[in-house]
Chemist: 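I am attaching a structure below and will ask some questions about it afterwards.
Just so you know, residue 1 is the first one in the sequence shown, and it goes up from there.
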Amino acid sequence: MPTASDAKPLTEAEIVELCRKHTLFEWSAQAAIDPIPVAGAKGVYFWTPEGKRFLDFNSQLMSVNVGHGDPRIIAAIAKQAEQLAYANPYLAHEPRARLGKKLAELLPGDIDHVFFTNGGAEANENAVKIARQYTGRQKVLARYRSYHGGTAGAATLTGDPRRWVAEPGIPGVVRIPEFHRWGKAQPEPVDEALRGVEDVVMYEGPQTIAAILVETVVGTNGILIPPDGYMQGLRALCDRHGILLICDEVMAGFGRTGRWFAVDHWGVVPDLITIAKGLTSSYVPLGAVGVRPAIAKHFDQRMFPGGLTYNSHPIGCAAALATIRVYEEDGLIEHTQRMGEVMRRHHEALMQKHRCVGAVRNIGLFGIIDLVRTREPFVPLAPFNGTSDEMKIVAKHLRERGLYTFVRWCSVMTNPPLCITEAELAEGFAIIDEALGLVDRAL
Ligand SMILES: Cc1ncc(COP(=O)(O)O)c(C=O)c1O
C-alpha cells in the first residue's frame with residue numbers, strides 16, 4: 001500500500017493550490033494571500049520545493065529563535081516520541097519534571113511554578129483566569145498597541161485591530177495609555193506615560209483591578225521598547241494597589257532581546273509571565289504561564305482553574321529542554337547581545353543613507369525600521385492598519401531577492417534567528433538597503 005512518503009511529491013503550484021482550496025490562512029482575505037511554498041529549512045535559511053532560498057529575517061513568527069533544523073532538538077523530539085509520545089495531564093513524567101525545574105531556575109526572580117499550554121494565547125487566557133481567582137477582582141488593564149493571541153479572551157486583551165472581530169469580547173478589559181504612540185518617532189516621557197496609567201487605575205478603582213497585562217517589549221505592534229523606568233514604575237504602581245503584573249513574553253522571551261527574558265533588562269519580577277514561541281523555538285507547540293510562589297500556594301487547597309488535553313505534553317517538554325540546552329551550549333544569549341550591536345550599526349547606516357527611514361529600534365535581535373514620507377513632521381509611509389504603494393514596493397523587492405520578513409503597515413521587521421552571523425546580517429541588510437533605495441526614488 002503506498003504511504004504518504006512514497007507518493008510523488010507535489011509541485012510548488014500544487015501545494016499552493018491545495019492549501020488555498022482546502023485550508024484557511026490566518027488574518028488574511030483569502031483571495032489576497034500569495035503564500036511562499038516551503039519545503040525545508042536550516043540555520044537562518046529556508047527554501048521552496050524548487051530550491052529558491054530565503055534568508056529568514058523574521059525567525060518565521062519571531063519564534064524559531066535557535067534557528068532551523070537543529071539536530072539536537074530533532075533527536076530529542078524523536079527519542080521522546082519513541083519512548084512516550086503522550087501522557088494525560090494528571091500524570092507525572094520525566095520531561096515535565098525536568099522542564100519545570102529548569103524553568104524555575106531561568107524564569108525571573110522567584111517565579112517557580114508553571115502551567116503548560118499549547119501556545120501563547122492559552123498562556124494569556126490562563127494568566128488572566130489565575131489573576132482573577134487569586135485577587136478576587138475582575139478587571140484587567142491592557143494597552144492598544146499590543147497583541148496577546150487569537151482566542152476569545154486573548155483577542156479582547158489584544159489592543160490592535162485583530163481585536164475588532166472578537167468584539168464585544170470578554171468583560172472587564174480596560175485600556176491604559178501607550179508609552180509609545182502611533183506616528184511618533186520617540187516614546188513618551190516616562191513620568192507622563194506612568195501618570196496616564198495611574199489615572200486609569202484611579203478612575204476604575206484599584207480594588208476592582210486584578211492585573212495589568214503588558215508585552216514587556218511590544219512585538220508586532222512596532223517593537224516598542226519601554227524607556228528605562230517604565231517597567232519599574234508599573235511594578236511599583238501594582239505593588240501600591242495589590243494589582244498583579246502579568247508580563248507577556250511570548251515573543252520577547254528566550255533570548256530575543258539579549259537577555260533570557262526582557263524584564264531582566266529592568267530588574268523587574270512580574271507576578272505572572274507568559275511564554276511560548278522561543279520556549280521550543282517552535283519545533284513543536286508549547287507555551288506556559290509562570291507564577292510566583294504565593295500565587296501557586298493559593299491553589300494548594302483550592303482547585304486550579306485550568307485544563308488542556310495537551311497540557312505538559314511530553315514531546316513539547318522534551319523539545320523545550322533540548323532547545324534550552326542549545327541556548328546554553330551555543331551561548332546564544334551573549335551572541336544575541338553582540339549581534340544586536342551589529343544590527344544597531346546597520347540600522348543607523350540605513351537611517352543616514354535613506355530619507356525614507358524615519359526611526360529605527362532594536363533591543364538584541366528584536367528590531368524594526370519605520371518608514372516615513374517625511375521625518376519632520378513624522379508622517380508614516382502607510383496609515384495605521386494599512387499599506388501604501390511604497391510599502392508594496394518594499395515587500396515585493398524583499399521577496400524577489402530572497403529576504404523573508406514581515407512588512408507591516410509602515411515598518412520592516414528585522415528579527416532573525418539568534419544564531420545569525422555577522423556576514424548573514426550583512427547579507428540581509430544589503431537587500432533591505434536596495435529596497436529602501438527604490439522607496440527613496442519613488443518618493
Ligand atoms: C506577544 C504575544 N502574545 C501572545 C501571542 C499568541 O501566541 P500564540 O499564537 O502561540 O497563541 C503572540 C503571537 O504572536 C504574541 O506575539
Chemist: Is it the case that atom OH in Y310 sees more than 12 heavy atoms from other parts of the structure closer than 6.0 Å?
Modeler: no
Chemist: Roughly how far apart are I130 CD1 and F304 CZ, rounded to 0.5 Å?
Modeler: 3.5 Å
Chemist: For A319 and I73, work out which heavy atoms get closest and say how close.
Modeler: O-CG2, 4.1 Å
Chemist: Does any non-hydrogen side-chain atom of R399 lie less than 4.5 Å from one of I36?
Modeler: yes
Chemist: Compute whether any side-chain donor of one residue and acceptor of the other, for H298 and Q133, lie under 3.5 angstrom apart.
Modeler: no
Chemist: Show, in sequence, the C-alpha distance, side-chain angles and deciding distance for E390 and R373, and conclude whether the salt bridge (Lys or Arg N to Asp or Glu O under 4.0 Å) test is met.
Modeler: CA-CA 10 Å; E390 294 86 357; R373 254 169 235 294; 3.1 Å; yes
Chemist: Do Y327 and W260 have ring centres separated by under 6.0 Å?
Modeler: yes
Chemist: Ignoring hydrogens and angles, tell me if any N or O in the side chain of E125 forms a donor-acceptor pair with the backbone of G153 under 3.5 Å.
Modeler: yes
Chemist: Looking at side-chain heavy atoms only, is the closest gap between H335 and D330 below 4.5 Å?
Modeler: no
Chemist: Check whether any side-chain heavy atom of F115 lies under 4.5 Å from a side-chain heavy atom of V291, and answer yes or no.
Modeler: no
Chemist: Would F299 and Y134 count as a ring-ring contact (aromatic ring centres under 6.0 Å, His included) here? Give the steps.
Modeler: CA-CA 9 Å; F299 298 106; Y134 179 75; 7.6 Å; no
Chemist: side-chain contact (heavy atoms from CB on, under 4.5 Å), that's the test. Do D248 and L213 meet it? Break it down for me.
Modeler: CA-CA 7 Å; D248 177 342; L213 166 66; 4.2 Å; yes
Chemist: Closest heavy-atom contact between T216 and C247?
Modeler: OG1-CB, 3.4 Å
Chemist: Are R96 and F116 in a cation-pi contact, defined as NZ or CZ under 6.0 Å from the six-membered ring centre and within 45° of the axis?
Modeler: no
Chemist: Run the side-chain contact (heavy atoms from CB on, under 4.5 Å) test on L157 and V140 for me, step by step, so that the C-alpha distance in whole Å, both residues' side-chain angles and the decisive distance to 0.1 Å come before the verdict.
Modeler: CA-CA 8 Å; L157 296 158; V140 180; 3.8 Å; yes
Chemist: Evaluate the side-chain proximity of Q232 to D228: yes if any heavy-atom separation is below 4.5 Å, no if none is.
Modeler: yes
Chemist: Any Lys/Arg nitrogen of E105 or K102 sitting under 4.0 Å from an Asp/Glu carboxylate oxygen of the other?
Modeler: yes
Chemist: Mark yes when over 12 heavy atoms from residues, nucleotides or ligands other than R145 sit less than 6.0 Å from its CZ; otherwise mark no.
Modeler: yes
Chemist: Say whether D433 and H354, considering side chains only, have a donor N or O and an acceptor N or O under 3.5 Å apart.
Modeler: yes
Chemist: For the CE atom of M343 and the CZ atom of F57, what is their distance to the nearest 0.5 Å?
Modeler: 5.5 Å
Chemist: Counting C-beta onward and ignoring hydrogens, is there a side-chain heavy-atom pair between H397 and E434 closer than 4.5 Å?
Modeler: yes
Chemist: Measure the CH2-OG1 distance between W409 and T220 for me, rounded to the nearest 0.5 Å.
Modeler: 8.0 Å
Chemist: Salt bridge check, R163 against E167: does any charged N sit closer than 4.0 Å to a carboxylate O?
Modeler: yes
Chemist: State, without any angle test, whether T421 and E424 hold a side-chain donor-acceptor pair at a distance under 3.5 Å.
Modeler: yes
Chemist: For the residue pair L381 and S388, what are the closest heavy atoms and their distance?
Modeler: O-OG, 2.7 Å
Chemist: For the CD atom of E204 and the CD1 atom of I176, what is their distance to the nearest 0.5 Å?
Modeler: 11.5 Å
Chemist: Flag the pair I111 / P270 as yes when at least one side-chain heavy-atom distance between them is below 4.5 Å, and no otherwise.
Modeler: yes
Chemist: For the pair Y86 and H313, name the ring-plane relationship: parallel under 30°, tilted 30 to 60°, perpendicular over 60°.
Modeler: tilted
Chemist: Quick test of your reading of the model: are K184 and E178 salt-bridged, counting only N-O distances below 4.0 Å?
Modeler: no
Chemist: Can you measure from CG (L436) to CD1 (I431) and round to the nearest 0.5 angstrom?
Modeler: 12.0 Å
Chemist: Counting neighbours of CD on E334 that are heavy atoms of other residues, nucleotides or ligands and sit closer than 6.0 Å, is the number greater than 12?
Modeler: yes
Chemist: With the side chain counted from C-beta on, respond yes when R72 and E329 share a heavy-atom pair under 4.5 Å apart, and no when they do not.
Modeler: yes
Chemist: Is a salt bridge present between R240 and E198, judged by a nitrogen-to-oxygen distance below 4.0 Å?
Modeler: yes
Chemist: So L438 and V394, side-chain contact (heavy atoms from CB on, under 4.5 Å) or not? Walk me through it.
Modeler: CA-CA 8 Å; L438 297 177; V394 175; over 6 Å; no
Chemist: Can you see whether S281 engages N65 through a side-chain donor-acceptor pair at a distance of less than 3.5 angstrom?
Modeler: no
Chemist: Is the shortest distance from a Lys or Arg side-chain nitrogen in R344 or E341 to a carboxylate oxygen in the other one below 4.0 Å?
Modeler: yes
Chemist: Using a strict 4.0 Å threshold on nitrogen-to-oxygen distance, state whether E215 and R143 make a salt bridge.
Modeler: no
Chemist: Using a strict threshold of under 4.0 Å (side-chain N to carboxylate O), is an ion pair present between R235 and D239?
Modeler: yes
Chemist: From W27 CH2 over to I33 CD1, what is the distance, rounded to the nearest 0.5 angstrom?
Modeler: 13.0 Å
Chemist: Contact between E422 and R338 at the side-chain level, heavy atoms closer than 4.5 Å - yes or no?
Modeler: no
